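Following: one structure in structure tokens, then a few remarks.
Computed from a predicted structure; not experimentally measured. Side chains are part of it too, since the values below use all heavy atoms of this structure and drop only hydrogens, waters and symmetry mates.
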Number of protein chains: 2
Amino acid sequence: MRDSTSHAVVGVALRVRDTRLEVQVERAPLRRGEPLEAALGRALDVAALAHVEQLETLVLPDGALATAYLGLAHSGEALPGEWRRVEEVTEHAGLVAAAQARLRAKLSYTNIGFALAPATFTISELREVYVAALGHDVSATNLQRVLLRRGVLEPAEGHRAPGRTGGRPAALFRFVSNRLEVTDEFAALRPPHRP
Amino acid sequence: MRDSTSHAVVGVALRVRDTRLEVQVERAPLRRGEPLEAALGRALDVAALAHVEQLETLVLPDGALATAYLGLAHSGEALPGEWRRVEEVTEHAGLVAAAQARLRAKLSYTNIGFALAPATFTISELREVYVAALGHDVSATNLQRVLLRRGVLEPAEGHRAPGRTGGRPAALFRFVSNRLEVTDEFAALRPPHRP
DNA sequence: TCAAAAGTGTTTCGAATACACCCATGT
DNA sequence: ACATGGGTGTATTCGAAACACTTTTGA
């Protein structure tokens, strides 16, 4: 049985490391009169996260009421805390699954990739991020075209030098915006084109 | 400044009445140790709602922490409480907007219409529900085709007799399922068709 | 016979995918 | 040369939207 002070915040942070999705789950109690974000700040290093959004509020197995947040970190940045591969996490497994599901869905219709990718990247590197987050293969060709057409990506200066094995140097890209934006209105049931 | 007992639940119920979207907003305090749904049950007549889902948890203007829920009611059913047109509501305007946005989005990629429509209906009647909820015009022809192709609707027995002005009798339909289901996976970035 | 409402047939459109081919580099 | 990874050009697919036309009724 929980008492009246047992509201908590659970932060679920995700990032892509190598070709794997990694997660960090931390909990902090909510203090009297404090905003939720303050407690989240004690659970996760929010300043190091590129994007934060609320997931849901639920009763935890121990009976505490908790509000869960999803945080996303750029790949390739050093971040304190214990990161584990998503498959290995057993604590708060439902929340981790919810975080993954939210990320997967938003990768398809928003620019949320900005929060996982580094500042500039090649299409191949971005493809690895998407593969890790989505859990299925992604075509680099189509990824580039979809994100360019939607105006989500733009070319950046410079090229990535090829590796020892050769190959054409890869052009660099960046995300146009670093704030969450819906880039693909749902295809069905849109307003008529011509009024 | 809120104290430790000030967690509340705000229920935002929506329904379509005539060709208008109507809303009912009620608040109830959360009692110690009680699940959120229990408090929601005191705010709204949950048994009369066809669908309920959580919206978000936020700090209200009065400083109280509150978890908001969206409820949907079948059109054409008598429901107690004060219903007002969505445009007229000033209290909890942000939550009402969030509820509308959630409904609009889910109308496009789920079968959530089942919660607004009566048990059986004509395509024209369903169209009015969609128009009221989406806030823009909807073609009856396309609505029928999209929902039939997705397997969301199925024919029901009988026809609706024409009005005084004549016209072909309208066939009746029903929703195949009365539980929320995602019927349209996002078009982009799906797994490859042929592995 | 005509107007009104419902429903079907067919065409158009656009975004995404698939696939063939060309480009630039290291060995 | 040729292997390798990067990138573009083009064709195909498919769901949705648009629009023309047929069906069925009341007046």
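To the nearest 0.5 angstrom, A:Arg85 atom CZ is 11.0 Å from A:Leu21 atom CG. Between A:Asn111 atom CG and A:Thr183 atom OG1 the span is 6.0 Å, to the nearest 0.5 Å.
Closest to the B:Thr165 side chain, of the nucleotides D:dC19, D:dG26, C:dA5, is C:dA5. For A:Ala170, the side-chain atoms get nearest to D:dG6 when compared with the rest of C:dA4, D:dG6, C:dT25. Nearest to the side-chain atoms of A:Arg168 among the listed nucleotides C:dC23, D:dT8, D:dC19 stands C:dC23. For A:Arg164, taking side-chain heavy atoms from C-beta onward, the closest of the listed nucleotides D:dT8, C:dT27, D:dA17 is C:dT27. When distances run from any side-chain atom of B:Ile123 to the nucleotides C:dA16, C:dC19, C:dG7, the shortest one goes to C:dG7.
Across all strands, B:Thr122 comes closer than 4.0 Å to no nucleic acid atom at all (heavy-atom distances). Among the protein residues, B:Ala171 comes within range of the sugar-phosphate backbone only, with heavy atoms under 4.0 Å from sugar or phosphate atoms but none that close to a base.
Residue-to-nucleotide proximity on DNA chain D shows that, of B:Pro169 and A:Gly167, the 5′-proximal contact is made by A:Gly167. Comparing B:Phe173 and A:Gly163 against DNA chain C, the residue whose closest nucleotide sits nearer the 5' end is B:Phe173.
For the pair A:Tyr109 OH and C:dA15 C1', the interatomic distance rounds to 18 Å; values are reported in whole Å. Whole-Å rounding puts the B:Leu134 CG to D:dA16 C1' distance at 15 Å. At whole-Å resolution of the value, CZ in B:Phe121 and C1' in C:dA6 are 15 Å apart. Rounding to whole angstrom units, CG of residue A:Leu172 and P of D:dG7 are separated by 9 Å. Rounded to whole Å, atom P of D:dG5 lies 14 Å from atom CD of A:Glu125. Summarising the geometry, the separation between CG on A:Asn142 and P on D:dT13 is reported as 15 Å, rounded to the nearest angstrom. Atom P of nucleotide C:dA5 and atom CZ of B:Arg127 are separated by 12 Å, given to the nearest angstrom. Note: CZ (A:Arg149) to P (C:dT17) measures 9 Å, nearest angstrom.
B:Glu88 has no carboxylate O lying under 4.0 Å from a charged side-chain N of B:Arg20, or vice versa, which leaves the two without a salt bridge. With respect to B:Asp137 and B:Arg127, a salt bridge is recorded, a charged nitrogen being found less than 4.0 Å from a carboxylate O.
Phosphate proximity of C:dA16 to A:Arg150: present, with a side-chain N or O under 4.0 Å from OP1 or OP2. Between B:Ser124 and C:dA6, a side-chain N or O to OP1/OP2 separation shorter than 4.0 Å is present. An OP1 or OP2 oxygen of D:dG6 is reached within less than 4.0 angstrom by no side-chain nitrogen or oxygen of A:Gln144. Side-chain N/O atoms of A:Thr141 include none lying less than 4.0 angstrom from OP1 or OP2 on D:dG7.
Between A:Phe175 and A:Phe121, the ring planes are tilted. Angles from 30° to 60° get that label.
For D:dG5, its base never sits under 3.5 Å from the side chain of A:Arg160 at any donor and acceptor pair.
A cation-pi arrangement is absent between B:Arg17 and B:Trp83 under the rule of less than 6.0 angstrom and at most 45 degrees off the ring axis.
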